[in-house]
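This report refers to the structure that appears directly beneath it.
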Amino acid sequence: MSTQAEFAGLVAIVTGGASGIGAAIARRLHDGGAQVAVLDLAPEGADPAHAAFAADVSDRASVDAAVAAVAERFGRIDIVINNAGIGSIGNIAANGDDEWARVLSINVTGIARVTAAALPWLRRSPAAAVVNTSSIAATAGLPERALYTASKGAVLSLTRAMAADHLREGIRVNAVNPGTADTPWIGRLLSQAADPEAERAALNARQPHGRLVSADEVAGAVAYLASPRAGSTTGVALAVDGGMQELRLRPIE
Ligand code: NAD
């Protein structure tokens with residue numbers, strides 16, 4: 001099988017596929033031969049090479065309608081990439097109940113909504129795979145990210161539970177844990193910092209390889225986990241973080 005044919009004949013949903021990491025994933029799966037459906041709050045930002053559907057992953061009716069539209073358009077769904085997510089800054093006192101509910105609904109329950117809607121189609125697929133975007137925040141304690149971290153920790157645990165529930169139905173479920181990645185999201189964060197250049201340097205330095213992760217690097221890991229060639233890989237989280245989780249380097253003298 002050539003790399004080009006890896007996803008040939010398969011249909012993939014990518015949530016949050018109109019920007020950043022999701023856009024890179026959509027491009028990678030498309031390059032591998034998949035037909036890609038982007039589900040996004042802002043579908044007009046999607047690459048015209050993909051089919052784009054308006055969807056809010058925090059709204060069940062919106063998700064059900066979009067997934068039904070994908071199935072209607074392509075007649076199958078084989079791969080679901082649950083990538084849509086939002087950030088939240090601060091410690092546990094920084095956000096009220098409404099914000100806690102909003103972030104958890106998008107980052108965590110959104111995965112359940114989208115995957116549940118696609119489940120009847122995944123059960124029929126010969127190569128069903130789900131990949132959830134978690135974060136380094138799920139495995140390392142980062143300052144001022146309490147709510148976001150809680151949401152991404154839940155994504156990691158949910159990934160394992162989903163993998164167990166659906167293994168015998170032939171559906172693999174894995175997660176990817178990116179380190180700080182160079183996307184419009186981080187651009188927005190940097191533009192709000194008092195000294196954006198100093199903030200970027202601090203983020204670069206936090207990762208042992210000394211730079212931000214690229215969206216394409218995350219997309220490569222997601223493509224591996226989603227690939228029919230990874231048939232024995234389920235319930236795992238693949239870190240793409242320049243060594244931030246696992247390595248302890250001595251400072252440069
Ligand atoms: P981004 O802001 O560039 O893109 C996010 C996309 O999700 C946007 O197109 C947005 O419209 C869409 N989206 C947001 N809320 C939505 C909703 N309710 N319904 C549907 N679509 C929605 O962000 P990114 O940096 O590409 O992040 C993508 C994912 O990667 C997120 O889950 C994020 O938590 C995770 N992540 C990012 C980083 C990073 O440093 N950028 C690191 C680790 C994990």
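We count ligands from 1, going down the list as the structure has it; atoms in each ligand are counted the same way.
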For G179, state whether at least one heavy atom is located under 4.0 Å from any atom of ligand 1. yes

Closest to [atom] among [options] (heavy-atom distance):
atom                    : options              : result
atom 5 (C) of ligand 1  : G85, G22, A24        : G85
atom 10 (C) of ligand 1 : V218, D59, L189, D40 : D40
atom 3 (O) of ligand 1  : G17, G187, S62, S19  : S19

With atoms numbered from 1 as shown, which atoms in ligand 1 lie under 4.0 angstrom from a non-hydrogen atom of [X]?
X    : result
I21  : 26 (O), 30 (O), 37 (C)
S134 : 44 (C)
R188 : 2 (O)
G20  : 3 (O), 26 (O)
I186 : 40 (O), 41 (N)
T133 : 29 (C), 30 (O), 35 (C)
A55  : 19 (N), 20 (C)
D56  : 17 (C), 18 (N), 19 (N)

Contact check: [X] vs ligand 1, nitrogen or oxygen atoms, below 3.5 angstrom:
X    : value
K152 : yes
P178 : no
I86  : no
Y148 : yes
T180 : no
S135 : no
V57  : yes

Is the shortest distance from a Lys or Arg side-chain nitrogen in E169 or R124 to a carboxylate oxygen in the other one below 4.0 Å?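 No salt bridge links E169 with R124.
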
Do the side chains of R27 and D216 get close enough for a salt bridge, i.e. N-O under 4.0 angstrom?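 Judged by the 4.0 Å cut-off on N to carboxylate O distance, R27 and D216 do form a salt bridge.
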
Any chance you could lay out the side chain to side chain contact (heavy atoms under 4.5 Å, CB included) test for N177 and V240, step after step, and finish with the verdict? CA-CA 6 Å; N177 292 351; V240 186; over 6 Å; no

Does one hydrophobic cluster hold both [X] and [Y], with members joined at side-chain heavy-atom distances below 4.5 Å?
X    : Y    : value
L167 : M162 : no
V236 : I171 : no
I81  : F7   : yes

Per the side chain to side chain contact (heavy atoms under 4.5 Å, CB included) rule, which among [options] passes with [X]?
X    : options             : value
V173 : V80, L225, T159     : T159
I13  : I77, L29, V130, V38 : I77
V14  : L39, V36, D40       : V36

Starting from [atom], what is the nearest protein heavy atom, named by residue and atom, and what distance separates them?
atom                    : answer
atom 7 (O) of ligand 1  : G16 CA, 3.4 Å
atom 33 (C) of ligand 1 : W185 CZ3, 3.4 Å
atom 31 (C) of ligand 1 : N83 O, 3.3 Å
atom 39 (C) of ligand 1 : A181 N, 3.5 Å
atom 17 (C) of ligand 1 : L41 CG, 3.5 Å
atom 25 (O) of ligand 1 : T183 OG1, 2.6 Å

Between W100 and Y148, does the ring centroid distance fall short of 6.0 Å?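 Ring centres of Y148 and W100 not closer than 6.0 Å.
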
Might you work through the side chain to side chain contact (heavy atoms under 4.5 Å, CB included) test for N83 and I25, ending with a clear yes or no? CA-CA 9 Å; N83 165 80; I25 295 167; 4.2 Å; yes

Table please: side-chain donor-acceptor pairs of residues 41-53 below 3.5 Å, with sequence neighbours left out.
{"residue": "D47", "atom": "OD1", "partner": "A49", "partner atom": "N", "Å": "2.7"}

Working note: R145 + S88, criterion side chain to side chain donor-acceptor pair (under 3.5 Å); need CA distance, chi angles, decisive distance, verdict. CA-CA 6 Å; R145 293 289 184 279; S88 180; over 6 Å; no

Show me the pairs that pass salt bridge (Lys or Arg N to Asp or Glu O under 4.0 Å) and involve residues 190-205, at least two apart or across chains.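 Only D182-R200 qualify under salt bridge (Lys or Arg N to Asp or Glu O under 4.0 Å).
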
Regarding S62 and R113, do their side chains bring together a donor and an acceptor under 3.5 Å, going by distance alone? no

